Amino acid sequence: MSSRLAASVAALGVALAVTAGVVACQSQPAADFGAPAVTGPASPAASAVGVPVRDGRPPRTATTEAPARLRIPALKLDAAVDAVGIDAATGDFAVPPSVDRVGWYRYGPGFAAKAGSIVVAGHVDSAAEGKGAFFKLGALNAGDEVTLVGPDGREQAFEVIARERYRKTAIPLDKYFARDGSPRLTLITCGGPFDAKTRHYRDNVVVTAEPAP
Amino acid sequence: MRNLSLRRAVTAGAVTILALGGAAALGAGPAYAKANSQVTVVHGIPGQAVDVYVNGKKTVPNFQPGKVAGPLSLPAGQYDIALTKPGDAIGDALLTVDDAEVPGGANISLVAHLNAEGQPALTPFVNDTAKLAAGKARLIVRHAAAAPAVDIRAGGKPVFEGVTNGKEGKADLDAGTVSADVVLAGSDTRVLGPADLDLKEGTATIVYAVGSAEAKSLDIVTQTIDGLHSAPGGVPSGDGGRADGNGSLPWYGIGAVGILLALFGLTRLATGRR
């Protein structure tokens with residue numbers, strides 16, 4: 001091989017490595033799309049008439065309807081949904097330990113919500129059980145169909161409008177757990193680089209879907 | 001990465017502009033502009049409906065015992081409050097409080113109740129509307145009855161002890177239903193309850209013990225303040241590592257090929273020159 005040819009090969013190699021590096025870096029956030037349209041609640045019409053008076057008997061909380069199943073045809077996913085809350089030890093979302101189940105945040109909006117973010121989180125994988133229900137969540141695209149099945153078999157169809165990835169330290173969770181604004185379904189899992197020492201992923205992957213027209 | 005940090009920079013810039021704009025707008029406004037206070041009126045005097053006057057204006061007509069009115073949005077300042085029998089002239093008020101101080105930006109409950117001696121009184125309480133941790137609910141219990149000191153128990157265990165008229169006990173608890181009752185302080189003599197309290201996540205439930213022990217008219221009135229919820233601390237949803245780099249592998253692969261090519265070329269270059 002002539003030295004000129006060898007130099008060209010080296011140059012091509014460097015160019016490829018640099019390009020790939022730059023594209024790899026840029027492609028991570030660029031792979032995101034959409035920004036969930038989060039609108040505030042319509043401001044109630046200023047009522048000039050009278051002061052509202054309520055009964056002071058102890059309130060009975062209206063039970064929020066729990067979704068029973070989550071279906072995502074594009075991922076060939078049909079998973080059971082558990083109603084979950086907070087892990088008392090950590091203050092984190094109590095994602096069901098079983099990786100083939102997903103968890104609905106029972107303190108937030110429920111199946112028939114007219115406003116706010118219905119949150120369902122699931123494992124991308126686990127050391128004990130392997131790939132999770134949301135292993136491919138990050139592969140969803142705009143327009144993909146997501147169906148939530150209610151307690152009585154009723155279905156509510158949603159359509160993916162956004163997929164975002166955030167470092168866990170920077171994710172705006174308040175936005176995704178908002179109880180006001182337009183009704184939407186928020187799916188959350190883990191993603192990004194995995195730290196084998198702490199056994200944690202660096203990022204969260206968030207998919208937002210709105211009720212299908 | 002680059003895009004992400006750029007996006008962050010833009011967001012930060014926008015936030016800065018908003019903040020400056022906000023500051024400018026505030027600066028242009030009157031210097032005393034302060035957020036209004038939210039004032040809720042609670043009726044805890046058994047057997048007597050009233051008209052509530054604020055600064056001489058009838059604000060809550062024919063207000064029934066056990067009811068909760070409001071919130072009224074009131075600018076900071078001093079207010080004259082009067083309670084009359086429905087339809088009576090303000091001069092014949094049952095109870096008046098002049099120059100009641102309302103601070104700015106507070107959430108206040110103004111409670112008409114009996115004091116420890118059984119006389120009508122109007123007591124303001126400032127409500128704790130600090131955000132709750134995810135999964136938690138706030139329980140506030142207020143003694144507003146003509147009764148001695150009491151203990152308030154949840155699930156049979158005292159949570160607030162020795163609470164006297166005009167005082168409150170307060171705790172942030174796990175959301176859910178608790179069975180609560182009220183006993184004479186240091187005893188098992190139940191004066192109220194038990195009642196199931198549904199403590200909703202992200203909500204403050206305020207329970208007023210009202211009425212008179214002597215007249216056997218003790219009862220409870222409740223008020224709730226919602227919207228105090230927070231998001232969970234995080235969403236840990238994977239510890240296997242199988243999804244590391246999901247989707248971006250091809251570019252790492254091409255990068256690796258490039259580095260190998262470069263190394264190969266450089267090696268040939270070096271050996272060729274020898």
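Bear in mind that the values here come from a model prediction, so they are computed numbers and not experimental data. Below, chains carry the letters A, B, ... as their sequence lines are ordered, and counting in each starts from 1.
The CG atom of B/Asp239 sits 8.0 Å away from the OH atom of A/Tyr201 when rounded to the nearest 0.5 Å. One finds the OG atom of B/Ser237 at 5.5 Å from the NZ atom of A/Lys168 (value rounded to the nearest 0.5 Å). Distance NE2/B/His229 to CG/A/Asp174: 8.0 Å, rounded to 0.5 Å. Atom CG of B/Asp219 is separated from atom CZ of A/Arg57 by 10.0 Å, given to the nearest 0.5 angstrom. B/Asp196 CG to A/Arg60 CZ: the interatomic distance, rounded to the nearest 0.5 Å, is 6.0 Å. Separation of atoms CD (B/Glu201) and CZ (A/Arg106) is listed at 8.5 Å; rounding is to 0.5 Å.
For B/Leu72, the part lying near chain A is the side chain, with the backbone staying farther off; criterion is any non-hydrogen pair under 4.5 Å. Only the side chain of A/Asn204 comes within contact range of chain B, with at least one heavy atom under 4.5 Å from a heavy atom of that chain. Contacts between A/Val95 and chain B at a heavy-atom distance below 4.5 Å involve the side chain alone, from C-beta outward. For B/Ala133, no part lies under 4.5 angstrom from a heavy atom of chain A. For B/Thr224, the part sitting under 4.5 Å from any heavy atom of chain A is the side chain, from C-beta outward, and nothing else. Interface residue B/Val68: backbone and side-chain heavy atoms are both found under 4.5 Å from chain A. Contacts of B/Phe63 with chain A are made by side-chain atoms alone, with heavy-atom separations under 4.5 Å and no backbone atom involved. No part of B/Asp174 comes within reach of chain A, as not one of its non-hydrogen atoms sits under 4.5 angstrom from that chain.
B/Arg242 contributes no side-chain N or O that, together with a main-chain N or O of A/Phe135, makes up a donor-acceptor pair within less than 3.5 Å. Using a distance-only test at 3.5 Å, with no hydrogens or angles considered, a donor-acceptor pair links the side chain of A/Asp125 to the main chain of B/Gly241.
Closest non-hydrogen pair, A/Val53 versus B/Val60, comes out as CG2-CG1, 4.0 Å. For the pair A/Cys190 and B/Pro236, the tightest heavy-atom approach, listed with the atom from each and the gap, is SG-C, 4.1 Å. When every heavy atom of B/Ala134 is checked against every heavy atom of A/Ile86, the shortest pair comes out as CB-CD1, 3.5 Å.
Interface check for chain A: of the options B/Ser230, B/Ala175, B/Gly70, the most heavy-atom pairs under 4.5 Å are formed by B/Gly70. When the candidates A/Gly130, A/Ala139, A/Ala88, A/Ala196 are compared by the number of heavy-atom contacts under 4.5 Å with chain B, A/Gly130 comes out ahead. The candidate with the highest count of non-hydrogen atom pairs below 4.5 Å against chain B, out of A/Tyr107, A/Tyr105, A/Phe93, is A/Tyr107.
Looking at heavy atoms from C-beta onward, B/Pro232 lies out of side-chain contact with A/Asp92 at the 4.5 angstrom threshold.
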**Prompt:** Going through the distances and angles, do A/Val206 and B/Val235 end up as a side chain to side chain contact (heavy atoms under 4.5 Å, CB included)?
**Reply:** CA-CA 11 Å; A/Val206 184; B/Val235 187; over 6 Å; no
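Each of B/Asp198, B/Thr205, B/Ile220 was compared with A/Pro58 under the side chain to side chain contact (heavy atoms under 4.5 Å, CB included) criterion, and only B/Ile220 meets it.
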